[in-house]
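These notes are about the structure you will find just below.
Starting from 1, each residue takes its place in the sequence as its number.
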Amino acid sequence: MRSLTKKELVKAAGVSARTFRRWLATPYMRKRLKPFGLKKQQHILPPEVVEIITEHYVIDIA
């Protein structure tokens, strides 16, 4: 897994940026991502976070 931007994940998921932000704002995702100290304005997501998001929402980034 590698670092990705939010834009790249949005494109891979095939959803709008607004939908992606909503996904990240769900209580489950906030709880899972809290240990990583992510900020709303953070554009590049670390590999661990990318892995959590892609596994939960079944996003193929190949």
With the side chain counted from C-beta on, respond yes when Glu51 and Glu48 share a heavy-atom pair under 4.5 Å apart, and no when they do not.
no

Between Met29 and Tyr57 the two heavy atoms that sit nearest each other are CG-OH, 3.6 Å

Between Ala17 and Val10, what is the shortest heavy-atom contact and its length?
N-CG1, 4.0 Å

Under 3.5 Å, is there a donor-acceptor pair between the side chain of Glu8 and the main chain of Thr5?
yes

Side chains of Lys31 and Thr26: closer than 4.5 Å at any heavy-atom pair?
no

With no hydrogens and no angle check, is any side-chain donor or acceptor of Thr19 less than 3.5 Å from a backbone partner on Val15?
no

Option from Leu4, Leu33, Leu9 for which side chain to side chain contact (heavy atoms under 4.5 Å, CB included) with Val49 holds
Leu33

Test of understanding: with side chain to side chain donor-acceptor pair (under 3.5 Å), list the residues that count as partners of Ser3, not counting sequence neighbours.
none

Test of understanding: clusters of I, L, V, M, F, W, Y form through side-chain heavy atoms closer than 4.5 Å, transitively. Do Ile44 and Leu24 belong to the same one?
no

Under the ring pair (Phe, Tyr, Trp, His ring centres under 6.0 Å) rule, what pairs show up with a residue in residues 28-53, not counting sequence neighbours?
Tyr28-His56

Working for side chain to side chain contact (heavy atoms under 4.5 Å, CB included), residues Ile52 and Val50
CA-CA 6 Å; Ile52 291 169; Val50 172; over 6 Å; no

Enter the distance from Ile59:CD1 to Glu55:CD here, rounded to the nearest 0.5 Å.
11.0 Å

For Lys6 and Leu45, indicate whether the former's side chain and the latter's backbone hold a donor-acceptor pair under 3.5 Å.
no

Euclidean distance, Trp23 CH2 relative to Ile53 CD1, rounded to 0.5 Å
10.0 Å

